[in-house]
Amino acid sequence: MSVPSTPATPYDLVVVGFGAAGLSAALSYAEATEGRATPARIAILERSTKEERGGATRWTGAFLRVDQERRLDTDWAEHVGRVSGGLADLDYCRTVERESPQTLAFVEKHGVQIDYADFPLPHTFEGGTPSVTPPASPRGGGASIVEHLGAALEKDPRVDIHYETEALRLTTSDDGAVDGVVVRGPDGRTRRLDGRAVVLACGGFEGNTEMLTRYVGDRACDLPLIAPGIANNRGDALRMALELGADTAGQFDGIHAEPVDRRTTKADAVLYGFSCGIFVNGRMQRFFDEGRDTWDNTFEHVGYEIWRNQDQEAYWIADAKTLAIPGIMNSLLSDVPPEQADTLEELADKLGIDAEGLQKTVAEFNAGVGPGEFDPTRLDGKSTVGLTPPKSNWATPLDTAPFIGVPVTAAICFTYGGVRTDLDARVVTPSGTAIPGLYAAGEATGLFYKAYPPATSVLRSLIFGRLAAHHAAQAHQSV
């Protein structure tokens, strides 16, 4: 079938996706080619409407694993290596470390303000040592990145933004170089956009139930999306790149899932502050060591366990000692406060669960709490004795009213498996050969195995979007 080429003059860069990676690529390319005698032309494709643009980035809090000088946690690359069993690309991770300061300076230059949240529980975002230093994030979350970078692109006459437009397949020249994209617009008709280079920045495949089931396994359809924007992450980058013989990276049956409040439709309603309470499943049994490590190293594992083995039903239970931790509510991102009651029986009634079963489990937990001083600001070693599963830190009896509880389920954030790239963000074949004209960045690219050391997803998206743009701009200048 013949697909007409539009416009007659090719684009220099076609970016698929309007999230952090795509925006970073498009704006970096615009800046790198500013002042050229023949103005560069840039196209950005976005599946959604203008009002819903931004994919996952729009809805995330976008925690950043950096210090006040915008430097990445110096242990992060090694941390990724440890949890992956040596499977992850450490050179990629070290590139994230090297590029973090200048990349955050780039978004700050365009109006994104970096704040440090009041978050009372220890994390390992700085050198791998537990700390209560407030973690960084953009003021206004990922939406701030979308709106500020998007506004800069909207003002640039060299940039065309194509909303409600999906990428169907990549086109190539006779020698195999990527030279455009076939797209379908809001009228349902297809056309070809010629481009000297294409950046795939349209997320993973978490919005595609068929691909999730194929790669992640049975009951993938039970995973709700953590935010509406990721419904557009349909695996387009992976599908199109594989058609050209691209290699893959990352664990394809691995996902980043998080425990979220079941009572709300609010996006990203994550329960981070669970370490000082207990989890029970629908049978009122504990199923996880809530204190085995800091929240950032366990919240993903809690989410996966709830989905895979607990029928997507769990309840977080705590008492007045948790409520008394200064700033604790900042670690519960729901817009609905925890259920609260003067007795466990009353709390069970509010949660709609078995009161007798809850009371029995809490009594067993309380009896198993060992000696030591409770200190929520560090790994305090205050553990249980003789319980399965144990609680390795922050084990304190749940015996002081008011009691609080939140019903939780697991929501999927992103998939681990994706396209493999080199350190210039070029998509490569299994031999490591770069496919000319094709780049990928963000969650479209695979990296993680077995665990996601967090607060780096938006950051790596911004970084490799910029690297793709810089490489493409230099390549085009030399032609």
Side-chain angles (χ1 to χ4, degrees), residues 17-28 31 48 50-73 76 96 99-123 125-126 131-155 201 226-230 258 260-261 264 266-273 295-296 299 326-335 413-414 442-443 454-466:
F18 204 88
L23 290 167
S24 178
L27 189 52
S28 296
E31 292 182 350
S48 79
K50 180 177 180 179
E51 292 71 27
E52 297 174 338
R53 66 186 185 178
T57 304
R58 182 175 195 86
W59 301 95
T60 180
F63 281 141
L64 302 168
R65 200 181 185 106
V66 297
D67 63 17
Q68 295 279 350
E69 282 71 46
R70 313 299 190 252
R71 294 174 303 200
L72 184 71
D73 167 16
W76 184 72
V96 174
E99 297 290 330
S100 289
Q102 51 265 50
T103 298
L104 292 178
F106 160 73
V107 298
E108 288 180 289
K109 178 182 72 174
H110 288 285
V112 177
Q113 298 182 56
I114 306 298
D115 284 341
Y116 290 82
D118 179 12
F119 208 77
L121 303 177
H123 56 76
F125 290 176
E126 293 189 10
S131 167
V132 292
T133 303
S137 63
R139 182 178 300 175
S144 175
I145 295 171
V146 172
E147 294 312 314
H148 282 92
L149 273 59
L153 289 163
E154 286 174 322
K155 295 174 185 175
I226 200 165
I230 62 175
E258 301 182 11
V260 299
D261 188 345
T264 180
K266 175 184 178 291
D268 212 30
V270 187
L271 180 74
Y272 289 123
W295 65 266
D296 54 300
F299 76 118
I328 188 62
M329 297 307 292
N330 293 334
S331 65
L332 311 176
L333 303 190
S334 176
D335 56 349
C413 304
F414 59 81
E443 290 166 5
T456 51
S457 182
V458 168
L459 187 58
R460 80 177 182 109
S461 298
L462 292 168
I463 287 169
F464 276 88
R466 277 174 60 75

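We use all heavy atoms of the structure for the numbers below, so side chains are in, but hydrogens, waters and symmetry mates are not.
- Using a 4.0 Å cut-off between charged nitrogen and carboxylate oxygen, R58 and E52 do not count as a salt-bridge pair.
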Legend entry - Criterion side-chain contact (heavy atoms from CB on, under 4.5 Å) on L459 and S100, from CA distance to verdict: CA-CA 7 Å; L459 187 58; S100 289; 3.4 Å; yes
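- At a threshold of 4.0 Å, the pair R71-E126 does not count as salt-bridged, since none of the basic side-chain nitrogens sits closer than that to a carboxylate oxygen.
- The aromatic rings of H110 and F106 lie perpendicular to each other, with more than 60° between the two planes, well past the 30° mark.
- Interatomic distance, CG of L64 versus OG1 of T456, reported as 9.5 Å (0.5 Å rounding).
- For the 3.5 Å distance criterion, the side chains of H148 and Q113 fail to qualify, holding no donor opposite an acceptor.
- With a 4.5 Å cut-off on side-chain heavy atoms, L121 and Y272 do not count as touching.
- Salt-bridge check for R53 with E154: passed, with a basic side-chain N closer than 4.0 Å to an acidic carboxylate O.
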Inset, instruction - Step by step, work out the side-chain hydrogen bond (donor to acceptor under 3.5 Å, both in side chains) result for S457 and E443. - result: CA-CA 7 Å; S457 182; E443 290 166 5; 2.4 Å; yes
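- Under the 4.5 Å side-chain criterion, counting only non-hydrogen atoms from C-beta, V260 is not in contact with L271.
- Judged as a side chain to side chain donor-acceptor pair (under 3.5 Å), and not counting sequence neighbours, the contacts of R460 are Y92, T445.
- Considering only heavy atoms from C-beta on, E108 comes within 4.5 Å of R70 through its side chain.
- Checked by atom type and distance alone, the side chain of S24 pairs as donor or acceptor with a backbone atom of L462 at under 3.5 Å.
- Under the 3.5 Å distance criterion, the side-chain polar atoms of T57 are matched with a main-chain donor or acceptor of A20.
- The pair R65-D73 meets the salt-bridge criterion, since a charged nitrogen lies less than 4.0 angstrom from a carboxylate oxygen.
- Residues I226 and V270 have side chains in contact (heavy-atom distance under 4.5 Å, counting atoms from C-beta outward).
- W295 is listed as a side-chain neighbour of F119, based on a closest heavy-atom distance under 4.5 Å.
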